2 protein chains.
Amino acid sequence: MEDRVERIKKQLHSAGYKLTPQREATVRVLLEHEEDHLSAEDVYLLVKEKSPEIGLATVYRTLELLTELKIVDKINFGDGVSRYDLRKEGAAHFHHHLVCLECGSVAEIQEDLLEDVEAIVEREWKFKIKDHRLTFHGICHRCQQKHEEEK
Amino acid sequence: MEDRVERIKKQLHSAGYKLTPQREATVRVLLEHEEDHLSAEDVYLLVKEKSPEIGLATVYRTLELLTELKIVDKINFGDGVSRYDLRKEGAAHFHHHLVCLECGSVAEIQEDLLEDVEAIVEREWKFKIKDHRLTFHGICHRCQQKHEEEK
DNA sequence: CTCTATGCAAAGGTTTTGCAGAGAA
DNA sequence: TTCTCTGCAAAACCTTTGCATAGAG
């Protein structure tokens with residue numbers, strides 16, 4: 001935890017930014033909720049619990065900054081808000097998501113899975129891939145089991 | 001063209017909706033711009049050219065309806081607006097997109113490409129896939145060539 | 001002292017909603 | 001009639017921006 005904060009601090013410094021108390025509080029919230037997919041508002045409310053004086057605009061500006069530095073990835077699941085997802089340590093690619101259409105849960109897939117597909121796209125479409133977004137919409141395992149029980 | 005309008009009309013009817021003049025005008029705009037990725041505002045302005053009396057709210061309501069019936073897919077490329085993409089005739093899956101980070105162009109990939117990946121996800125994560133969203137961010141062929149010329 | 005960063009409030013942009021009226025069955 | 005649909009305007013959101021102030025080096 002502390003070493004990850006430290007590493008992010010260095011990333012900010014080498015880009016000419018400071019790790020202010022507000023930014024640190026925001027980063028800590030992101031680290032503590034690594035499995036979640038928080039919206040700016042979510043982050044704001046969580047930061048507020050420990051640093052009540054923070055402003056929503058600061059959270060937005062911090063998230064934008066972290067996105068720019070590729071410390072977090074901004075993603076949109078089509079529900080009207082942007083969500084922010086911390087990049088895993090040393091992850092070359094953005095991970096994938098499984099969104100359950102019934103319970104709304106979002107699971108993550110860390111495995112790459114797209115290596116072959118990307119090779120095809122680069123070769124056939126002559127497109128130089130820099131990043132990707134892959135989301136599956138469907139029914140999660142738990143909701144499937146719920147249906148089984150109902151029968 | 002006409003037969004596609006006719007087919008959409010039937011889809012609406014079997015779901016208990018009418019193909020009103022406004023809805024038809026909207027559908028025709030979508031058909032005429034099948035390659036584009038229009039925002040609601042874009043659609044509104046295009047519909048307005050031929051049916052000046054239409055309201056923006058009606059366009060939003062029509063697009064929502066068409067999305068619900070899976071006639072169009074709503075997609076978000078992270079630029080703050082939702083875009084609407086007509087499903088291809090008989091397409092089992094939503095197609096993929098190549099977004100150029102330099103010129104902003106959006107190309108489509110109709111090929112499935114994800115069959116293997118989906119089989120793995122369904123098996124390993126026990127997730128029943130209903131739909132997917134796959135977007136690659138990178139540099140399109142034309143922009144790559146532009147760079148070559150500059151050297 | 002200088003420059004960055006913050007908080008607040010206002011503004012901006014997109015999408016949704018309420019409502020009265022129009023239109024089809 | 002009855003129910004759906006539409007246009008307009010207002011409202012609801014999410015996100016960004018302007019500005020005066022605070023804070024770090």
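Every chain is numbered from 1, with letters handed out A, B, ... down the list of sequences. Note that these values count all heavy atoms, side chains included, but never hydrogens, waters or copies made by symmetry. Here the structure is a predicted model, which means the values were calculated and not measured.
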query: Contact class for A:Ser39 vs. all strands (heavy atom < 4.0 Å): base, sugar-phosphate, or nothing?
result: nothing

field: Output field: ring centroids A:His96/A:Phe136 closer than 6.0 Å
entry: no

field: Sub-4.5 Å side-chain heavy-atom contact between B:Ile8 and B:Val5
entry: no

query: What is the distance, rounded to the nearest whole Å, between atom NZ of B:Lys18 and atom P of C:dG23?
result: 12 Å

- prompt: Between atom CG in B:Leu12 and atom P in C:dA24, what is the gap in whole Å?
  reply: 16 Å

- request: Rounded to the nearest angstrom, tell me the gap between atom CG in A:Asp79 and atom C1' in D:dT15.
  value: 15 Å

field: Whichever of A:Pro21 and B:Gly80 has its nearest DNA chain C nucleotide further upstream toward 5'
entry: A:Pro21

message: Would you say A:Thr20 places a side-chain N or O within less than 4.0 Å of OP1 or OP2 belonging to C:dT6?
response: yes

message: Expressed as a whole number of angstroms, how long is the span from B:Glu24:CD to C:dA24:P?
response: 13 Å

From CA spacing to verdict: salt bridge (Lys or Arg N to Asp or Glu O under 4.0 Å), B:Lys70, B:Asp131: CA-CA 11 Å; B:Lys70 297 197 191 305; B:Asp131 198 7; 5.7 Å; no

query: If each of A:Gly16 and B:Tyr60 is mapped to the nucleotide of DNA chain C with the nearest heavy atom, which maps nearer the 5' terminus, i.e. the 5' end?
result: A:Gly16

message: Just the rounded figure in Å: distance from C1' of D:dT15 to CZ of A:Arg83.
response: 15 Å

field: Proximal nucleotide (of D:dC19, D:dT15, C:dT17) relative to the B:Ala57 side chain
entry: C:dT17

- request: Compare every heavy atom of A:Leu63 with every heavy atom of A:Val72, then report the nearest pair and how far apart it is.
  value: CG2-O, 4.1 Å

Nearest-Å distance for atom pair CG/P, residues B:Leu56 and D:dA10: 15 Å

message: Looking only at the aromatic ring of each residue, does the gap between the centers of B:Phe77 and B:His97 stay below 6.0 angstrom?
response: yes

- prompt: What is the distance from CG of A:Asp42 to C1' of D:dC13, rounded to the nearest Å?
  reply: 14 Å

- request: Looking at every strand, decide which applies to B:Arg61 at a 4.0 Å heavy-atom threshold: base, sugar-phosphate, or nothing.
  value: base

query: Do any side-chain nitrogens or oxygens of B:Thr58 fall under 4.0 Å of OP1 or OP2 in D:dG7?
result: yes

- request: Would you classify B:Glu53 as touching base, sugar-phosphate or nothing, given that sugar-phosphate means primed atoms plus P, OP1 and OP2, and contacts are heavy atoms under 4.0 Å?
  value: sugar-phosphate

message: Check this one for me: any side-chain N or O of A:Gln22 less than 4.0 Å away from OP1 or OP2 of C:dG7?
response: yes

Separation of atom CG in B:Leu65 from atom P in C:dT16, rounded to whole Å: 13 Å

